> 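Following this message is one structure expressed as structure tokens.
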Amino acid sequence: MGRMLIFILIGYFIYLLVKKSSAGKIGKKQEKVEEETFRDPVCGVYVAADDAVIGRHDGARIHFCSMACLEKYQEQVAHTPA
Ligand SMILES: [Zn+2]
């Protein structure tokens, strides 16, 4: 019976360690900064940096929701007299 009790104590100790380490991981997840978003100047939709199609105009980086919007923007810029 004594041996059984030691195994239970060891099991409980491991359980506490696992619980502690998983709680630490959850704490780190909550610290994650919200993803940066950019406004598509063509359709006005907000897009995450990871999903955006990036176009360039006068050296500036412009974020679009899709290639269609990027093409529309380039067309608009080309038709606008400087
Ligand atoms: Zn768009």
Side-chain angles (χ1 to χ4, degrees):
M1 273 313 272
R3 223 180 246 181
M4 187 92 167
L5 193 71
I6 287 164
F7 279 125
I8 290 166
L9 278 172
I10 290 167
Y12 183 64
F13 185 65
I14 290 165
Y15 164 75
L16 282 180
L17 278 176
V18 169
K19 203 181 163 190
K20 210 178 172 185
S21 63
S22 64
K25 273 177 198 166
I26 291 162
K28 267 184 187 173
K29 254 186 193 173
Q30 285 171 336
E31 278 171 34
K32 198 191 162 198
V33 183
E34 266 185 58
E35 213 173 347
E36 202 177 357
T37 55
F38 298 90
R39 194 168 177 270
D40 181 328
V42 177
C43 67
V45 155
Y46 285 89
V47 285
D50 288 348
D51 302 327
V53 177
I54 296 162
R56 280 170 197 277
H57 181 63
D58 286 341
R61 282 157 67 94
I62 305 159
H63 296 73
F64 300 93
C65 70
S66 64
M67 277 305 289
C69 279
L70 170 61
E71 281 165 18
K72 250 186 216 176
Y73 183 82
Q74 284 173 336
E75 221 171 272
Q76 279 175 15
V77 167
H79 287 236
T80 307

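Side chains included, hydrogens not; waters and symmetry mates left out as well; all remaining heavy atoms used. Remember, it's a predicted structure, so these values are computed and weren't measured experimentally. Note that ligands are numbered from 1 as they come in the structure, with each ligand's atoms numbered from 1 the same way.
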> Nearest heavy-atom pair of Phe38 and Ala49: which atoms, and what distance?
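Heavy-atom minimum between the residues: CE1-CB, 3.6 Å.
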> Provide the closest heavy-atom pair for Val47 versus Ala52 in the form atom of the first, atom of the second, distance.
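Smallest interatomic distance, heavy atoms only, reads CG2-CB, 3.9 Å.
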> Should His57 and Tyr73 be marked as a side chain to side chain contact (heavy atoms under 4.5 Å, CB included) after you check the CA-CA gap, both sets of side-chain angles, and the distance that decides it?
CA-CA 10 Å; His57 181 63; Tyr73 183 82; 3.8 Å; yes
> Looking only at heavy atoms, what is the nearest atom pair of Asp40 and Cys65, with distance?
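Heavy atoms only, the tightest pair is OD2-N, 2.8 Å.
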> Indicate the atoms forming the closest heavy-atom contact of Pro41 with His63, along with that distance.
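So the minimum-distance heavy-atom pair works out to CD-O, 3.7 Å.
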> Give me the protein N, O or S atoms that fall under 2.8 Å of the Zn ion (ligand 1), sorted by chain and residue number.
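For the Zn ion (ligand 1), the protein N, O and S atoms that sit under 2.8 Å away are Asp40 OD2, Cys43 SG, Cys65 SG, Cys69 SG.
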> Mind checking the CG-CD spacing from Asp50 to Glu36? Nearest 0.5 Å is all I need.
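That separation rounds to 10.0 Å.
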